[in-house]
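Okay, structure first, notes after.
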Amino acid sequence: MRKWAINRNNLFLLPSLIILIPISLIPFLIIIYFSLLNIYTFNFYNPSWAGLNNFINLVSGPDFWNSLFVSGLYVTVVVGAEVIFGLLLALFFNYNFYGKSVLFVIIMIPVIISQAVVGYMFLIMLSDMFGIVSYILSILNVKISILGERAAALAAMILIDILIWTPYCFLVIYAGLKTVPSAVLEAAKIDGATKYKLFRYVMLPLLLPIITVAVIFRTIDAFKTFDYVYIITGGGPGTATTTLSILIYKYFDSGNIGMSSALSLLVLIMAILLSRLYYSFLVSRRWQTT
Amino acid sequence: MNMMTQRSKRNLIISVVVVLIVGIAIGATLIVLNPSAPAKEKVVMIVMSGPEAEYIKKAAEVFNAEAAQELNVQLEIVELGRDQYFDKVKTALLGRSKEFDIAWLINLDIAQYAKAGVIEPLDGYISDRNSMKYDINEFLPIALEGVKYKGKTYAIPLWISTMFLYYRTDLVSPNEIDEWDKFIETAKRFTKSYNPNSSTDYGTTIFGAPFVTMPMEWYIYLWSYGGEIIKDGLPVFNNPAGLKAANTYYQLVKHGIVPPDWNTYEYPKVLEAIKNGKVAFGIQWDAAYFEIKSALGDKVEIMPPPAAPGGKPAAYTHTWTMVINGASDKKAAAFKVMTWLTLDDKGAQLLGSFGLPIPTRKVLTNPTFKEKAPHWEKMYNQILNYGHSLPVAASFSPIQDRLIFYLSKMLSGELTPQDALNKAAEEAVNIMKEAGEYGA
Amino acid sequence: MADHMKIIYTIIALLISFLFISPILWIGVISVKPTDLIFSEVISLTFFPTIEHYSNVLSSQFVTYLLNSLLVALFNIALVLLISIPAAYAVSRLRVGRKNFMFWLLTLRMTPPIVFSIPIFVIFQLIGLLDNLLSLVLVYSIFNVPLAVWFFTTFINAIPHEVEEAAFIDGCDIYNLWLRILIPIIMPAIVSISILSFIAAWNEYLFALILTITKSRTWTIGSQIFVGTYRVQWGELAAAGIIGVIPPILLLFIIKERLIQGLTLGRLRG
């Protein structure tokens with residue numbers, strides 16, 4: 001019986017491994033190989049060895065650090081805001097109101113619409129001379145070039161991200177909220193807990209694991225944000241909105257496959273370290289107790 | 001209890017079988033839905049969407065109806081949006097994909113793919129009487145030169161492009177904007193912050209978006225000051241002439257005579273700014289001619305871009321070309337299609353009649369083409385008198401991409417013009433060394 | 001709850017929804033605006049709407065592209081659920097792969113798509129699945145399975161061990177445990193993951209670009225042909241975006257009652 005259990009344990013992981021390993025591990029090894037080469041479009045089949053030069057060039061130049069800062073700021077703000085708004089929205093959906101299921105579907109629309117289309121549309125909407133947003137701002141007597149000023153451009157990208165991805169966090173957290181055992185809540189109510197206390201000491205601890213999942217995955221996805229930022233600002237003005245993923249793309253676009261692979265690996269390592277950090281901070285303690 | 005376990009074991013087996021069957025069924029349906037074996041000699045051409053793609057699609061219909069039988073080739077056009085096109089072509093060519101046989105490339109991109117060995121040299125087909133029924137020298141020499149790399153021809157030119165200075169005839173006269181100093185001063189006059197009575201919001205525009213069109217516009221500045229991009233195997237765009245060009249380019253942004261979100265301006269926004277009377281003049285591609293003309297009529301005219309004081313204007317020009325995928329199984333058939341489209345009386349004249357400037361004498365002097373493209377005469381003269389050719393080098397495309405990066409930094413004030421050019425030149429040297437083109 | 005509170009909450013909910021979809025509403029306005037007016041009369045709402053953009057979008061092969069996307073997204077959900085729930089169960093209850101497997105999954109999610117494009121392309125070329133919907137179904141599991149496994153693991157962790165122990169004592173074997181007890185409890189998670197996987201597959205664009213060319217082209221690629229060599233067909237692009245929202249929204253509307261039900265089903269009563 002015991003022996004069978006061990007075999008069975010592996011069996012459960014097997015389907016995912018069979019599908020994921022071939023299509024991920026091989027490309028991954030190729031990327032590591034690319035990152036050690038001077039490999040461009042023109043010498044793709046005849047690259048020269050670079051050793052760690054690509055990595056050294058990255059960390060010794062200003063562009064990597066600038067993008068790290070932009071991405072760091074971007075990811076921190078959007079993930080923080082989206083998780084908080086998502087949580088509030090999920091709590092709000094616990095109340096009774098008319099048309100809940102219809103509004104639930106409507107709130108999902110921003111995540112469903114193609115990011116590339118959203119990008120082009122915001123390019124018009126935020127344009128100084130042709131945009132509805134700029135027009136509304138000018139009525140309010142706010143004189144600002146949304147996409148032309150460094151801080152404003154980055155803020156605009158962050159706001160768009162929050163607008164698009166809050167529903168995602170909402171959905172994740174709402175599902176978690178729905179599995180909080182009702183008996184626990186009722187018991188707490190009977191004990192005379194205030195609403196705040198109920199949330200802070202009963203619901204939040206129960207929700208923490210699922211919030212952690214939301215934070216980890218939104219962090220990873222926010223690092224990868226590309227489509228609409230690239231379409232709207234192209235990383236500009238200057239490098240004000242050049243996130244790490246845009247920098248990766250710019251190297252790839254220049255045909256410098258070696259540098260873009262090296263940068264991808266650096267980003268990958270950082271994301272994993274960050275996830276482990278979140279994980280040990282928020283979940284591991286809890287996991288041990290259950 | 002025993003019963004229960006047995007039943008659930010049976011259930012387990014049944015469900016595993018069901019899952020397997022469903023899985024196989026899904027796989028099989030998807031494969032059947034996508035039969036991958038082509039029936040006969042079908043040539044696939046991948047194109048970037050836009051008006052030219054529409055012309056090619058119409059030409060393909062005619063080809064399939066009239067020439068396909070005789071040549072024993074079917075032509076299929078696959079269209080991709082601009083943001084996707086370059087990624088797709090790069091991945092597929094480097095991955096030695098057989099998905100398409102013909103692709104469109106700007107002539108300056110040919111060298112890097114030729115050096116990588118993933119596109120087919122065409123000399124063998126051109127000299128072979130069986131495959132080449134036309135005279136290759138029908139093409140203008142400048143167009144033919146642009147598709148050669150290390151003495152070999154890699155592409156067939158499809159159409160030629162240039163940029164004009166579009167200006168409002170009711171607002172400015174050509175002699176107010178024919179030199180850079182005057183250009184900037186006149187632009188100030190048409191900018192509301194300098195002149196509240198101005199009928200336009202800003203004087204002019206700039207291709208400020210970090211996109212391939214930005215350096216193309218900047219080369220006009222560079223050449224007009226007597227600068228060069230690469231000379232004798234060395235990057236020289238950071239010499240004094242280049243610095244002047246960069247400074248002038250930077251002035252547009254610094255003086256605020258272009259829209260403040262200039263960093264998002266390329267073709268579409270420049271077009272709308274000119275069309276809607278938001279600016280008094282601006283450099284823009286010839287492809288925008290019809291749309292601007294139909295919006296503004298006689299109130300707009302074209303002229304060559306400004307010159308340095310006492311100097312000669314410079315014109316940017318490149319050619320969109322067709323190349324054969326090196327991994328294709330149908331190279332000979334692909335070659336037939338390409339020559340039919342550009343050199344055959346039927347095919348070329350058809351494309352010409354849509355207004356597509358195929359750089360052959362036959363098309364450009366054809367009355368239907370001239371009627372369709374009345375600006376061609378000016379365009380032709382501009383290219384002939386002021387046109388500069390781009391360096392033919394495998395390292396050029398990556399260098400140009402680094403120029404986009406550093407020019408953006410310069411325009412936004414992150415780097416001084418001199419620093420930006422020096423940095424770009426430094427990277428250019430490394431790329432050229434890697435390509436074995438440094439000092440060559 | 002008092003009725004007037006319900007009305008106040010409804011008003012708040014309407015305001016929130018409006019905030020979220022106002023940009024999409026404006027995209028809707030652009031999609032029916034005559035091309036000439038999109039830039040010349042930016043804020044005008046008094047134009048005569050045109051369906052020209054929509055008919056242009058639908059006259060291409062757009063419907064086929066939508067169908068392809070739909071197939072890929074649905075089969076992807078099936079695949080993701082089939083392989084993630086067992087894996088999550090193993091991680092949570094059988095204590096395998098807690099660290100390595102779980103963090104390996106995160107690296108998958110993190111894979112920088114553009115750099116992966118050439119290797120992925122070469123692999124699918126080798127196994128002969130280029131321009132085949134199956135390749136997309138497989139590739140999309142790279143980023144959908146990690147989220148699903150993490151998500152399900154969290155949910156299964158939250159189930160008290162007593163639930164299973166009680167079931168085992170009742171003579172329930174592992175298979176029945178799953179079908180009768182675990183799956184119903186994690187139903188909210190299954191619903192959410194289905195929606196999220198669907199959305200991710202529906203909107204994916206880089207792998208769809210790399211791995212398809214004509215026959216299995218998805219709608220995200222199809223919608224981008226309105227961004228031309230230089231020119232952008234703004235009205236058509238907006239219309240394509242709006243059309244692309246309709247199938248998933250319709251789907252959600254059809255199952256909306258079950259959706260809310262599914263999301264509330266799992267509440268443990270113990």
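So that the names make sense, note that chain A is the first sequence line, chain B the second, and so on, each numbered from 1. On a predicted model such as this, the values are computed, not experimentally measured, just so you know.
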Given that the side chain runs from C-beta out, which part of [X] has a heavy atom under 4.5 Å from chain B: side chain, backbone, both or neither?
| X | value |
| --- | --- |
| A/Ile246 | neither |
| A/Ala240 | backbone |
| A/Ile39 | neither |
| A/Asn46 | neither |
| A/Leu123 | both |
| A/Phe130 | side chain |

Salt bridge or not for [X] and [Y], using N-O below 4.0 Å?
| X | Y | answer |
| --- | --- | --- |
| A/Asp128 | B/Lys278 | no |
| B/Glu437 | B/Lys115 | no |
| B/Arg402 | B/Glu426 | no |
| B/Lys409 | A/Asp63 | yes |

Counting only non-hydrogen atoms closer than 4.5 Å, does [X] touch chain A with its backbone (N, CA, C, O), its side chain (CB onward), both, or neither?
| X | result |
| --- | --- |
| B/Phe86 | neither |
| B/Ala111 | neither |
| B/Val212 | neither |
| B/Asn430 | neither |
| B/Ile431 | both |
| B/Leu411 | neither |
| B/Pro259 | side chain |
| B/Glu272 | both |
| B/Tyr265 | side chain |
| B/Arg82 | side chain |
| B/Ala209 | neither |
| B/Glu434 | both |
| B/Phe211 | neither |

*asked:* Under a 4.5 Å cutoff for heavy-atom pairs, which residue among A/Ala152, A/Ser145, A/Gly255 has the most contacts with chain B?
replied: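 Result: the option with the highest number of such pairs is A/Ser145.
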
_Only pairs of heavy atoms separated by less than 4.5 Å count here; which of A/Tyr40, A/Phe42, A/Tyr251 has the most with chain B?_
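It is A/Phe42.
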
*Determine yes or no for a side-chain-to-main-chain donor-acceptor pair under 3.5 angstrom, with A/Thr233 supplying the side chain and A/Gly235 the backbone.*
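Checking the backbone N and O of A/Gly235 against the side chain of A/Thr233, a donor-acceptor pair under 3.5 Å is found.
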
*To the nearest 0.5 angstrom, please state how far the CG atom of A/Leu263 sits from the OG atom of A/Ser35.*
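One finds 11.0 Å between CG of A/Leu263 and OG of A/Ser35.
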
*asked:* To the closest 0.5 Å, what do you measure between CD (B/Gln112) and CZ (A/Phe44)?
replied: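 Output value for this atom pair is 12.5 Å.
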
*Do the side-chain N and O atoms of A/Asp161 and A/Tyr228 include a donor-acceptor pair separated by under 3.5 angstrom?*
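Side chains of A/Asp161 and A/Tyr228: pair found under 3.5 Å.
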
*Judged by modelled atom types alone, do A/Tyr120 and B/Asp83 share a side-chain donor-acceptor pair under 3.5 Å?*
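Judged by distance alone, the side chains do pair up.
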
How are the rings of [X] and [Y] set relative to one another: parallel (under 30°), tilted (30 to 60°) or perpendicular (over 60°)?
| X | Y | answer |
| --- | --- | --- |
| B/Trp218 | B/Phe237 | perpendicular |
| A/Tyr230 | A/Tyr249 | perpendicular |
| B/Tyr149 | B/Tyr154 | tilted |

*Between B/Lys423 and B/Phe405, is NZ or CZ placed under 6.0 angstrom from the six-membered ring centre and within 45° of the ring axis?*
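No, B/Lys423 and B/Phe405 do not form such a contact.
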
*Sort out for me which of B/Gln400, B/Met410, B/Arg96 touches chain A most, counting heavy-atom pairs under 4.5 Å.*
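Top option by heavy-atom pairs under 4.5 Å: B/Arg96.
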
*Find the one option among B/Val118, B/Asp261, B/Leu93 whose heavy-atom pairs under 4.5 Å with chain A are most numerous.*
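The residue among B/Val118, B/Asp261, B/Leu93 with the greatest pair count is B/Asp261.
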
*Would you sort out whether A/Ser138 and A/Lys143 count as a side-chain hydrogen bond (donor to acceptor under 3.5 Å, both in side chains), showing the intermediate values?*
CA-CA 6 Å; A/Ser138 74; A/Lys143 283 207 173 64; over 6 Å; no

